[in-house]
Each structure stands twice: as C-alpha cells, then as structure tokens.
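For this chain, numbers begin at 1 and follow the sequence in order.
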Amino acid sequence: MKKVYTCFCTDILHEGHLNIIHEAKKYGDVYVGVLTDEAMVRFDRFPTVDFETRMALIRGIEGVKEVCVQDEILYDKVVQRLHPDYIIHGDNWRTGPMKAVRDNAEKLLAAYGGKIIDVPYTYSENVKRADAQLREKLSMPEYRRKRLKQLLSLRPIVKTIEVHSGLTGLIAEKTVVENNGEFDQFDAMWVSSLCDSTAKGKPDIELVDMTSRFRTIDDVMEVTTKPIIFDGDTGGLTEHFVYTVRSLERMGVSAVIIEDKTGLKKNSLFGTEVEQTQDSIEHFCEKIRAGKKVQLTDNFMIIARIESLILDRGMEDALTRARAYVQAGADGIMIHSRKKDPAEILAFCDTFRKENTHTPLVVVPSSFNSITEAELAAHGVNIVIYANQLTRSAFPAMEQTAKDILKYHRAQEVDARLMPIKQIISLIEEL
C-alpha cells in the first residue's frame, strides 16, 4: 500500500478533517501528523487542549494507520522518516503564508516522484460554527488569562506588540509572516497607557481613567484570543491597585506591569529631563504584596518595572530593587533604559540571571532597537514588548494622507498607498 500523509493542527474534528481522511484512504494507508504545542503557537494559534488529547482525538478516527508527531510546520522531517507517496491537504494552502509550506512539501516529494493532493476546502455552516466555537473558547477569560504563563514555558521569547483598539488587536491577532521557510506571529498584546491615551487625544499623565482603559481592553478582547499584558503605570494608590488587579484578573488579562515611581506620571523616555520620583523599595513592595494577596487564581501575573537605569540611579540600585520585588511576590521583572546602546540592559539581565534563573525578565527595546529577539533571549530575556510601534507608524501615514488631500483637493494622489477598504474589513469576521 502507498503511504498518504496529512497533518492537523486542530483541537476539534469537523467534517472538513473527516473529508480529508476520506479522500486520503482512496490513495493508500493514511498517516496523520499532529502539530506539537510549540509548532502550533508559532504558526497558527494556541491549543485549547493538551498535545496528548489531540493525539488521542486523531487515533480515534477510523482508517488512520498511524498518528505521528510533527514538531515543525514544514514537512522535511516527516518526508525523511515516512517517505510518503502523497501529501494531502485542503486547497486553502495554495495561497497566503501556507503556500510556502505547500511549495516546500512539493519540492521534497518531487525528489523521488511523490505528489501533492489538494482537496477542495470544506465550507459549510457546521465548519463555520465549529471554528467560531473554538475561537470563542480561546477568548474566554479562564483560557486567555493563563496563556501568558503557558507561552513562557513554550517559547524562547514571548513577542508582544502594542494594541489600542479592536482593529490594532486584529492586526496583532492575524499577522503571520513566512521568511525562508520560517513562520512567525506575535504571541501577546500590550495595552499601553501611552498609546491608549494618545489614541484618545489625551496626555500620557494617567489622565485616562481605568474605566475608560478597561473599555479599550473590552474592544480588543471582543475580537482577539491572544493574552494581554496591561500597562498599569504606577498602579496608583495601593488601595486602588488591589481593585485594578481584581478587575483585570476577572476580565481575563494575563498580567499587569507597574513601575516604581510616584506622583504625576511622566513618560520614562524623558528620563532626568523632567522631575520624576522613584518610589521607595518598602512602599513598592507593599503594593506588590497587596496585589498578590487579592488574586483569586495563580494565573495572573504582577510584573515590577524598575526605573533605576532611566533615572541614572545605577546598576546596583536596579539589582537591589529586583531582588526585593521578587521577594515581595512579583511574578516578573521589567528593566527599562532610554539609551540606544543595550549594554546596560544586557548587563542587568546577565547579573540577575546568575542569581535568579526562573523569574521572567521583560524588556521594551524602543530606544535600543537594534538588538534582536535572539540576542535578548541569549541574555535571559523572556518577554519583549514592542510598546508603541503601531501608533508611531499610523500617525505619519495618516498625517501625510490628510496633507495630500488638502494639497490636491482630491483623493486620487493618495489612493495608490492606501489599503483597499475591502481588504481591511476582511479582517473583521461576521457572525
């Protein structure tokens, strides 16, 4: 019998998957690969059930000869081991990022005469309903909240991008790129105080109240499934911070980051150019302990942001604070710098990692933006946050469009650089 191979990255079986199996059986013995959690997270989405459950799901399908582990989205290892005569897949992989997977598989098979079988993708109300139910499950607070901690155990570094609306949330959710056979996407979203305020035309001084900021979270959560890290500024008064923690946890947010400053907020990138007061270690530790005390689950994270390097207080002060904050219960440490050279950030990470191998480290490479994620991971960084790039890219584009319409008294001159509105609204799924 000839060997027919297909791969599933699903938590549920619907008629589309069963149709693939049905078609595969016409050509020979059916071998089905199941993507590992790590591979799914990198390319597709976060699984709602564990890997062994997904394996058992496929084993239960009549007519499947063998269930295989596929730990990469590309088929190189599978082809080398199984030497299948056919690889069968829905024809939806003929376009978009998945086309690179198909091209790779076709090239591998061509080396010995194997062939690709493209099956028409199954579009039906049942499939649509099953996919919608899966997305809804992924977006539920109890699933979303714990996902950041799960990602920290699966990914070498958790890539996080700023969002400030439902539309930017969809960009973070759905952007997948293929580059030289490697696939990537963002793992999490950062709801920035700066960008949320800017989107509302307000100064970044904690003027936008928590109720308004929670509405932004609601807008993002309604259309996405990825975990959210919330920019909590200073956390405010300890008596208020405990309610913020409880509210965020209930909503399904995965983490809040609070900075060890007091008084009216000033953006950290101003450094010592404006008056900024760093909180005492004792008081900030009290705030951390109070927040941890009111948590109802172990999934929510309170991450302490250290401003010592921003305020030129020195490396030892930053390390002393990191030790104290971890001792107080902080689930992670964010270290920040306004220098273009990442040397002091890396020095902090190296020293901290020698003392503490498990507490997650977070960095925001806005000023020291030449460093790569791989380089950061090599120094023990676990989460990288691209904290304002979507806002900064949108503003000049919109401003130039407005200027050109005023200049030419029509919109024709700007149209070539605009995305068709049909393409934009295609991001938005209808029920």
Side-chain angles (χ1 to χ4, degrees), residues 9 35-46 70-77 97 100-101 104 147-163 171-190 192 226-227 229 254-255 257 301 303 305-306 309 315 318-319 322 331-390 392-393:
C9 54
L35 276 185
T36 61
D37 291 353
E38 292 89 341
M40 279 187 67
V41 166
R42 182 157 192 170
F43 168 70
D44 188 49
R45 54 176 172 74
F46 206 93
Q70 185 168 331
D71 58 8
E72 293 178 350
I73 191 68
L74 296 180
Y75 287 70
D76 297 69
K77 291 181 181 179
V101 181
N104 169 259
R147 206 162 295 144
L148 181 60
K149 281 193 171 182
Q150 292 173 318
L151 281 166
L152 286 167
S153 68
L154 292 172
R155 302 288 282 126
I157 194 164
V158 176
K159 295 183 295 298
T160 308
I161 192 164
E162 163 259 318
V163 300
I171 292 171
E173 179 88 0
K174 297 190 174 186
T175 302
V176 179
V177 298
E178 178 273 327
N179 184 34
N180 295 324
E182 293 288 329
F183 288 83
D184 234 328
Q185 62 177 318
F186 290 105
D187 302 304
M189 300 175 289
W190 166 248
S192 157
K226 293 185 177 180
I229 304 173
S254 296
I257 297 181
M301 300 175 70
I303 298 172
R305 169 173 159 174
I306 298 172
L309 302 183
M315 186 66 65
L319 289 165
D331 299 291
I333 294 294
M334 175 181 155
I335 186 65
H336 206 21
S337 172
R338 56 193 170 91
K339 294 183 178 179
K340 294 186 179 296
D341 186 342
E344 67 175 3
I345 287 288
L346 299 182
F348 174 92
C349 293
D350 290 343
T351 305
F352 182 81
R353 273 287 169 256
K354 289 178 183 177
E355 303 175 8
N356 185 318
T357 59
H358 61 278
T359 300
L361 278 173
V362 185
V363 299
V364 181
S366 297
S367 54
F368 51 99
N369 54 23
S370 62
I371 194 165
T372 66
E373 294 159 6
E375 289 171 323
L376 290 170
H379 289 270
V381 174
N382 304 98
I383 300 174
V384 59
I385 298 177
Y386 299 99
N388 48 42
Q389 279 78 7
L390 291 185
R392 288 164 55 200
S393 62

(message) So, taking the atom named OG1 in T359 and the one named CZ in F352, what distance separates them when rounded to the nearest 0.5 Å?
(response) 4.5 Å
(request) To the nearest 0.5 Å, tell me how far T160 OG1 sits from I229 CD1. (result) 4.0 Å
(message) Please enumerate all residues that pass side-chain contact (heavy atoms from CB on, under 4.5 Å) together with D341, with sequence neighbours excluded.
(response) A343
(request) With sequence neighbours excluded, tell me which residues meet side-chain contact (heavy atoms from CB on, under 4.5 Å) with E38. (result) T36, L154
(request) Would you name the heavy atoms of R147 and S254 that are closest together and state the gap between them? (result) N-OG, 4.5 Å
(message) So D71 and K77, do their side chains get closer than 4.5 Å, heavy atoms only?
(response) yes
(request) State, yes or no, whether a side-chain contact exists between V363 and I371 at a heavy-atom distance under 4.5 Å. (result) no
(message) For Q70, give me all partners under side-chain contact (heavy atoms from CB on, under 4.5 Å), at least two apart in sequence or on another chain.
(response) Y5, C7, L35, Y75, V78
(request) Would you indicate whether the side-chain heavy atoms of I161 and T175 approach each other to under 4.5 Å? (result) no
(request) Measure the shortest side-chain to side-chain distance between L376 and L346 over non-hydrogen atoms and say whether it is less than 4.5 angstrom. (result) yes
(message) Please report the interatomic distance OG(S366) to NE2(H336), rounded to the nearest 0.5 Å.
(response) 6.0 Å
(request) Locate the shortest heavy-atom distance separating N388 from R392; write the atom from each residue and the value. (result) OD1-NH1, 2.9 Å
(message) How long is the straight-line distance from CD1 of I303 back to CG of N382, given to the nearest 0.5 Å?
(response) 9.5 Å
(request) Tell me yes or no: between the side chains of E162 and S192, is some donor less than 3.5 Å from an acceptor? (result) no
(message) When you measure from the side chain of E344 to the backbone of P342, do you find a donor-acceptor pair of N or O atoms at a distance under 3.5 Å?
(response) no
(request) For residues M301 and L152, determine if any side-chain heavy atom of one lies less than 4.5 Å from a side-chain heavy atom of the other. (result) yes
(message) With rounding to the nearest 0.5 angstrom, report the CG to OG distance, D37 to S153.
(response) 8.5 Å
(request) Could you list the residues that satisfy ring pair (Phe, Tyr, Trp, His ring centres under 6.0 Å) with F183, not counting sequence neighbours? (result) F43
(message) Tell me every residue that passes side chain to side chain donor-acceptor pair (under 3.5 Å) with K159, counting only those two or more places apart in sequence or in another chain.
(response) D184
(request) Compare every heavy atom of A322 with every heavy atom of F348, then report the nearest pair and how far apart it is. (result) CZ-CB, 3.8 Å
(request) State, to 0.1 Å, how close D331 and P360 come at their nearest heavy-atom pair, and which atoms those are. (result) O-CD, 3.1 Å
(request) Side-chain contact test, heavy atoms from C-beta onward, threshold under 4.5 Å: evaluate it for V163 versus F186 and give yes or no. (result) no
(message) For Q185, give me all partners under side chain to side chain donor-acceptor pair (under 3.5 Å), at least two apart in sequence or on another chain.
(response) K226
(message) Please give me the minimum heavy-atom distance between I73 and V101, naming the atom from each residue.
(response) O-CG1, 3.7 Å
(message) Is it the case that atom NZ in K339 sees more than 12 heavy atoms from other parts of the structure closer than 6.0 Å?
(response) no
(message) Could you report the tightest heavy-atom contact between L309 and I345, atom names first, then the distance?
(response) CD1-CD1, 4.4 Å
(message) Nearest 0.5 Å, please: how far is CG in D350 from CZ in R353?
(response) 10.0 Å
(request) Would you mind reporting whether I257 and I385 have side-chain heavy atoms less than 4.5 Å apart? (result) yes
